[in-house]
Amino acid sequence: MKDSDVIVLEEPKLSLGDQFYIPQVLNGLGTTMKHMFRVLGGKDRVVQYPEEKREDLAIEKGGMLTRTYRGVHRLNKDEEGRVKCVACFMCSTACPARCIHIEADESPWADREKYPAKFDIDELRCIYCGMCEEACPVDAIELTHVYDIVGLTRQEMIFDKSKLLQVYDETVKNEPM
Ligand code: SF4
Ligand code: SF4
């Protein structure tokens with residue numbers, strides 16, 4: 001390597017203000033004041049939960065509702081009310097948190113080979129990345145807007161097939177696809 005190829009970087013000189021983080025502190029205070037005046041002026045975005053709930057978790061785009069939030073999963077049903085899942089394991093393979101557990105069985109229906117005899121998702125372990133719904137070839141798994149779920153034990157937060165299908169029933173009318 002030639003000497004001319006070497007780039008020497010000079011450390012930038014910090015002023016006294018920079019050394020004490022004064023510009024950054026003033027910047028932060030400015031942001032705090034801005035929010036304070038918004039709150040005092042009635043333009044805040046504070047939601048008095050649980051009396052009030054956020055209604056802005058979907059936006060209208062080209063005449064269609066589009067999700068802006070990923071919450072609890074649901075397992076979708078087909079027109080005949082059967083679980084759409086064909087137990088292909090694509091979602092559990094794609095899941096970075098390894099929180100989907102599927103047990104496949106021979107399908108009782110003629111239009112598919114397999115169906116999920118068991119389908120569990122650990123909602124506490126999930127990072128709500130949406131990879132599972134991206135991976136699903138038949139749109140059987142979907143994340144909803146539901147965020148207000150509670151459980152007194154870890155076990156309660158492991159959603160099984162019936163619970164995931166129940167979330168579908170509860171959200172099918174008001175969830176954007
Ligand atoms: S949202 Fe992400 S972490 Fe959660 S189950 Fe799906 S793939 Fe796994
Ligand atoms: S939910 Fe979709 S990706 Fe997951 S096993 Fe069922 S069909 Fe496959």
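Just so you know, ligand 1 is whichever comes first in the structure, and atom 1 is the first atom listed for that ligand.
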Just jot down the ligand 1 atoms closer than 4.0 angstrom to any heavy atom of [X], in number order.
| X | value |
| --- | --- |
| A97 | 3 (S) |
| C95 | 3 (S), 5 (S), 7 (S), 8 (Fe) |
| Y128 | 1 (S), 4 (Fe) |
| I127 | 3 (S), 4 (Fe) |
| I100 | 5 (S) |
| P96 | 7 (S) |

Considering only non-hydrogen protein atoms, determine which one is nearest to [atom] and report residue, atom name and distance to 0.1 Å.
| atom | result |
| --- | --- |
| atom 7 (S) of ligand 2 | V86 N, 3.4 Å |
| atom 8 (Fe) of ligand 2 | C88 SG, 2.3 Å |
| atom 2 (Fe) of ligand 2 | C136 SG, 2.3 Å |
| atom 4 (Fe) of ligand 1 | C126 SG, 2.3 Å |

- Item | Verdict with reasoning, Q166 to L75, per side-chain contact (heavy atoms from CB on, under 4.5 Å) | CA-CA 8 Å; Q166 187 189 328; L75 272 182; over 6 Å; no
For [X], take its heavy atoms, then give the atoms of ligand 2 lying under 4.0 Å from any of them.
| X | value |
| --- | --- |
| V138 | 7 (S) |
| I102 | 5 (S) |
| P137 | 3 (S) |
| C85 | 1 (S), 5 (S), 6 (Fe), 7 (S) |

- Has Q155 got more than 12 heavy atoms of other residues, nucleotides or ligands less than 6.0 Å from its CD?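 Not more than 12 within 6.0 Å, no.
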- Residues D148 and K53 bridged, charged N to O under 4.0 Å: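 A salt bridge links D148 with K53.
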Is the side chain of [X] donor-acceptor paired with the backbone N or O of [Y] at a distance under 3.5 Å, no angle test?
| X | Y | value |
| --- | --- | --- |
| E133 | L143 | yes |
| K161 | P116 | yes |
| R112 | S107 | no |
| K114 | A104 | no |

- Task: Check step by step if salt bridge (charged side-chain N to carboxylate O under 4.0 Å, His left out) holds for D169 and K77.
- Result: CA-CA 9 Å; D169 292 335; K77 294 180 182 177; 3.0 Å; yes
- Query: Which of parallel (below 30°), tilted (30 to 60°) and perpendicular (above 60°) describes Y147 and Y49?
  - Reply: tilted
- Task: Examine all N, O or S atoms of C91, backbone included, and report whether one is under 2.8 Å from atom 6 (Fe) of ligand 2.
- Result: no
- Message: Below 2.8 Å, can you find an N, O or S atom of C132 next to atom 6 (Fe) of ligand 1?
- Response: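 It does; at least one qualifying atom falls short of 2.8 Å.
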- Message: Would E123 and H73 count as a side-chain hydrogen bond (donor to acceptor under 3.5 Å, both in side chains) here? Give the steps.
- Response: CA-CA 8 Å; E123 298 287 341; H73 306 73; 2.9 Å; yes
- Look at ligand 1 and say whether H73 reaches it with a heavy atom at a distance under 4.0 Å.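 So H73 counts as touching ligand 1.
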- Note on the structure: Honestly, for C99 the part within reach of ligand 1 (heavy atoms, under 4.0 Å) is side chain
- Message: Under 2.8 Å from atom 2 (Fe) of ligand 1, can any N, O or S atom of C129 be found?
- Response: yes
- Task: Mind running side-chain contact (heavy atoms from CB on, under 4.5 Å) on C132 and I100 for me, showing each step along the way?
- Result: CA-CA 9 Å; C132 48; I100 304 178; 3.8 Å; yes
- Go through the steps to decide whether F119 and L164 satisfy the test side-chain contact (heavy atoms from CB on, under 4.5 Å), and finish with yes or no. CA-CA 9 Å; F119 197 115; L164 293 164; 3.7 Å; yes
